[in-house]
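Nothing here was measured: the structure is a model prediction, and the numbers come from that model.
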Number of protein chains: 2
Amino acid sequence: MHYKEVIQSIKERREILKVTQEALAELSGVGLRTLKQFESGKGNPTLHTLQKLADVLGMEVCVQVKNIIRNK
Amino acid sequence: MHYKEVIQSIKERREILKVTQEALAELSGVGLRTLKQFESGKGNPTLHTLQKLADVLGMEVCVQVKNIIRNK
DNA sequence: TATAAAAGAGCAGTATAATGCACTATAAAG
DNA sequence: CTTTATAGTGCATTATACTGCTCTTTTATA
């Protein structure tokens with residue numbers, strides 16, 4: 001996942017859950033300004049920030065070896 | 001994946017590939033000091049830093065919905 | 001045990017992430 | 001068009017990630 005895909009996955013998930021940026025900021029403890037910047041494609045969030053957002057959205061950050069073949 | 005697991009996955013992968021911190025730092029463009037700090041459990045890397053390390057190690061950073069059931 | 005390679009830590013400077021506040025832009029509803 | 005809710009931006013400050021340099025500690029090998 002590249003940078004923009006990471007952004008997209010968070011943003012899409014937030015929208016699916018019908019949570020506003022403001023609510024997500026509140027719930028996650030991330031500053032609203034930070035979230036806005038992030039979702040508008042600016043900046044370079046820290047792992048901690050990413051995890052706080054992911055947690056609230058029922059998501060998780062992972063680092064894994066590529067080309068994992070999953071038996072579908 | 002929590003913070004320490006992220007660290008571990010990177011560190012383990014580096015060791016499996018028998019790459020030194022110095023070599024990984026060179027190859028990824030991340031400062032050696034940064035990598036050392038990261039692997040010793042200190043700090044809070046940015047997404048960009050994580051991705052540079054993951055790339056070189058044939059890994060990827062992803063953010064996904066939890067509880068994905070994979071058919072093993 | 002001596003030596004060398006790799007990993008970890010202290011210090012200090014620079015770059016930038018995180019933040020709040022105030023303002024603007026956009027979109028939906030009336 | 002007006003109102004309201006949500007999203008995005010400019011500016012300034014603070015905290016901290018990133019970095020290099022140097023030194024110490026640990027680990028492996030002769």
Side-chain angles (χ1 to χ4, degrees), chain A residues 1-70, chain B residues 1-70:
Chain A
M1 260 183 150
H2 289 35
Y3 179 69
K4 294 203 170 180
E5 292 172 299
V6 170
I7 294 179
Q8 258 317 99
S9 67
I10 297 261
K11 188 166 183 171
E12 278 174 14
R13 178 70 173 167
R14 180 179 65 76
E15 286 166 351
I16 286 170
L17 297 177
K18 301 202 189 306
V19 178
T20 64
Q21 289 179 339
E22 199 165 346
L24 177 55
E26 282 262 334
L27 292 167
S28 64
V30 170
L32 179 58
R33 195 58 175 62
T34 303
L35 177 58
K36 283 172 183 293
Q37 273 182 347
F38 172 60
E39 282 199 6
S40 57
K42 289 157 192 166
N44 176 23
T46 61
L47 176 56
H48 191 45
T49 295
L50 267 182
Q51 284 178 328
K52 284 192 289 190
L53 295 174
D55 277 354
V56 170
L57 296 171
M59 303 177 87
E60 69 169 347
V61 178
C62 61
V63 179
Q64 61 198 192
V65 177
K66 264 190 264 191
N67 302 321
I68 289 177
I69 288 141
R70 296 191 188 88
Chain B
M1 261 183 149
H2 293 314
Y3 180 69
K4 294 202 171 183
E5 293 172 298
V6 170
I7 294 179
Q8 259 316 99
S9 67
I10 297 261
K11 187 166 185 172
E12 278 174 14
R13 177 70 174 168
R14 181 178 64 75
E15 286 165 351
I16 286 170
L17 297 177
K18 300 201 192 306
V19 178
T20 63
Q21 289 179 338
E22 200 166 344
L24 177 55
E26 283 262 335
L27 292 168
S28 64
V30 170
L32 179 57
R33 195 58 176 55
T34 304
L35 178 57
K36 284 172 184 294
Q37 275 182 345
F38 172 61
E39 281 199 8
S40 57
K42 290 158 192 164
N44 175 24
T46 60
L47 176 57
H48 190 44
T49 295
L50 265 184
Q51 284 179 327
K52 284 193 287 189
L53 295 174
D55 276 353
V56 170
L57 296 171
M59 303 178 87
E60 69 168 349
V61 178
C62 59
V63 180
Q64 60 199 192
V65 177
K66 265 190 262 193
N67 304 321
I68 289 178
I69 287 134
R70 295 193 189 84

- Message: From CZ of Phe38(B) over to C1' of dA9(C), roughly how many Å is that when rounded to an integer?
- Response: 18 Å
- Item | Spacing of Glu22(A) atom CD relative to dT19(C) atom P, expressed in whole Å | 15 Å
- Query: What nucleic acid atoms does Lys18(B) come within less than 4.0 Å of, heavy atoms only: base, sugar-phosphate, or nothing?
  - Reply: nothing
- Message: Using 0.5 Å steps for rounding, measure from the NZ atom of Lys11(A) to the CD atom of Gln21(A).
- Response: 7.0 Å
- What is the distance from CG of Leu35(B) to C1' of dA6(C), rounded to the nearest Å? 12 Å
- Side-chain heavy atoms of Val6(B) within contact of Gln51(A), under 4.5 Å: yes
- Message: Is it the case that the side chain of Glu5(B) and the backbone of His2(B) share a donor-acceptor pair, with hydrogens and angles ignored and the cut-off at 3.5 Å?
- Response: yes
- Message: Considering every strand and a 4.0 Å limit on heavy-atom distances, what is the contact class for Gly41(A): base, sugar-phosphate, or nothing?
- Response: nothing
- Item | Check: Phe38(A) and Leu53(A) side chains under 4.5 Å, non-hydrogen atoms | yes
- Query: Considering only side-chain heavy atoms of Val30(A), which listed nucleotide, dT19(C), dG8(C), dA18(C), is closest?
  - Reply: dT19(C)
- Bounds of contact between DNA chain D and chain B, in 5' to 3' order, using a heavy-atom cut-off under 4.0 Å: dA17(D) to dC21(D)
- Query: Roughly how far apart are Thr49(B) OG1 and Asn44(A) CG, rounded to 0.5 Å?
  - Reply: 6.5 Å
- Note on the structure: Per atom distances to the Thr46(A) side chain, the nearest of dA6(C), dG8(C), dA18(C) is dA18(C)
- Task: Take atom NZ of Lys42(B) and atom C1' of dC11(C), then tell me their distance rounded to the nearest Å.
- Result: 14 Å
- Note on the structure: Closest heavy-atom pair, Ala54(B) versus Val61(B), reported as atoms and distance to 0.1 Å, is CB-CG2, 4.3 Å
- Item | Distance in Å, Leu32(A) CG paired with Gln37(A) CD, rounded so as to fall on 0.5 Å steps | 10.5 Å
- Which sits closer to the 5' end of DNA chain D, Leu32(B) or Asn44(B), going by the nucleotide each is nearest to? Asn44(B)
- Item | Terminal helix-axis angle for the helix from dT1(C)-dA30(D) to dG30(C)-dC1(D), with five pairs defining each axis and rounding to 10 degrees | 50°
- Message: Using only modelled atom types and a 3.5 angstrom limit, is any donor from either the side chain of Arg33(B) or the base of dG8(C) paired with an acceptor on the other?
- Response: no
- Query: Counting any heavy atom closer than 4.0 Å, what does Ser40(B) reach on the DNA or RNA strands: base, sugar-phosphate only, or nothing?
  - Reply: sugar-phosphate
- Query: Under the 3.5 angstrom rule, does the side chain of Glu60(A) hit a backbone N or O of Lys66(B) as a donor-acceptor pair?
  - Reply: no
- Query: Gln37(A) has an atom CD; how far is it from atom C1' of dA18(C), in whole Å?
  - Reply: 8 Å
- Rounded to whole angstroms, how far apart are NZ on Lys36(A) and P on dA25(C)? 14 Å
- Item | Nearest-0.5 Å distance, CD of residue Glu15(A) to CD of residue Glu39(A) | 7.0 Å
